[in-house]
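Predicted model, so just to flag it, every value in this text is computed and none were measured. A note on names: the letters A, B, ... follow the listed sequences, proteins ahead of strands, and every chain is numbered from 1. All values below were derived from every heavy atom in this structure, side-chain atoms included, with hydrogens, water molecules and symmetry-related copies excluded.
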Amino acid sequence: QKEVEQDPGPLSVPEGAIVSLNCTYSNSAFQYFMWYRQYSRKGPELLMYTYSSGNKEDGRFTAQVDKSSKYISLFIRDSQPSDSATYLCAMSESSNDYKLSFGAGTTVTVRA
Amino acid sequence: DGGITQSPKYLFRKEGQNVTLSCEQNLNHDAMYWYRQDPGQGLRLIYYSQIVNDFQKGDIAEGYSVSREKKESFPLTVTSAQKNPTAFYLCASSIRDNQETQYFGPGTRLLVL
């Protein structure tokens, strides 16, 4: 079993829809949770960063962490064609921990 | 502009050849990392360095080597011992006290001829 599981999709939605992405994990020591966006043939860019449980909102993006269920989510409201990308979740145990555990990524296409 | 640069964008390797991928950052970050990305898999850590002249193996270091002679630079050599080198290679960096927040370069795609 992988330490971080992420549905690879692909996920196709019409413009303006809400995109819902999630990851599950098995390591209860994870405390830092990140979402990266990766456009085709580019490097990942940090999108959202959350510490411990709870919600964090940044514009059209909302990240949720449920540590009791070992489940994290990313929601994209009012999705745009420019949101078409692969979204990677990543997690670590501490801020001094070099090791990030990544999900395999979910590929999202927003249709105009 | 601050950021991470990787070169070349594409690299072709012949059988038995060693090739070196360049990574440079001007973010003044102490820590640097090399990851390998394969389709359908999460990023896997090859090597990391938290300080100049020091580096550690990651999960898949076999067939790779690195050096860290300057804070700004962390080149990766893919040796002939790496039998399946075709992948997308990503370099990243972070502040040493916030290693969970890593910033990535644009990547190098390595293909075998």
- Item | Toward chain A: residues of residues 64-79 of chain B with heavy atoms under 4.5 Å | none

- Item | Close contacts, residues 103-113 of chain B versus chain A, judged by heavy atoms under 4.5 Å |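 At a heavy-atom separation under 4.5 Å, chain A is reached by B/Y103, B/F104, B/G105, B/P106, B/R109.
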
- Message: Is B/L43 close to chain A through its backbone or its side chain, or both, or neither, when contacts mean heavy atoms under 4.5 Å?
- Response: both

- Item | Residue part contacting chain A, namely of B/D38, when any heavy atom lies under 4.5 Å |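 The answer is neither part of B/D38.
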
- Proximal component of A/P8, with respect to chain B [non-hydrogen, under 4.5 Å]: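 For A/P8, there is no contact with chain B at all, as no heavy atom is under 4.5 Å.
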
- Task: Would you mind checking which part of A/S94 comes under 4.5 Å of any heavy atom in chain B, side chain (CB onward), backbone (N, CA, C, O), both or neither?
- Result: backbone

Answer with yes or no whether the hydrophobic clustering places [X] together with [Y]; edges join I, L, V, M, F, W, Y residues whose side-chain heavy atoms lie under 4.5 Å apart.
X     : Y      : answer
A/V19 : A/Y87  : yes
A/V65 : A/L100 : no
B/F55 : B/V52  : no
A/I76 : A/L11  : yes
A/W35 : A/M91  : yes

What closest approach, in Å, do [X] and [Y] show between heavy atoms, and which atom pair accounts for it?
X     : Y      : result
A/Q38 : B/F88  : NE2-CE2, 3.7 Å
A/Y36 : B/Q102 : OH-O, 2.8 Å
B/L90 : A/G43  : CD2-CA, 3.7 Å
B/G40 : A/A104 : O-CB, 3.5 Å

- Hey, is NZ on A/K67 packed in by over 12 heavy atoms from elsewhere, all under 6.0 Å? yes

- Is it true that atom CD of A/E45 has more than 12 heavy atoms of other residues, nucleotides or ligands lying nearer than 6.0 Å?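 Count over threshold, so yes.
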
- Item | Pairwise side-chain contact, A/R41 with B/Y10, heavy-atom cut-off 4.5 Å (strictly under) | yes

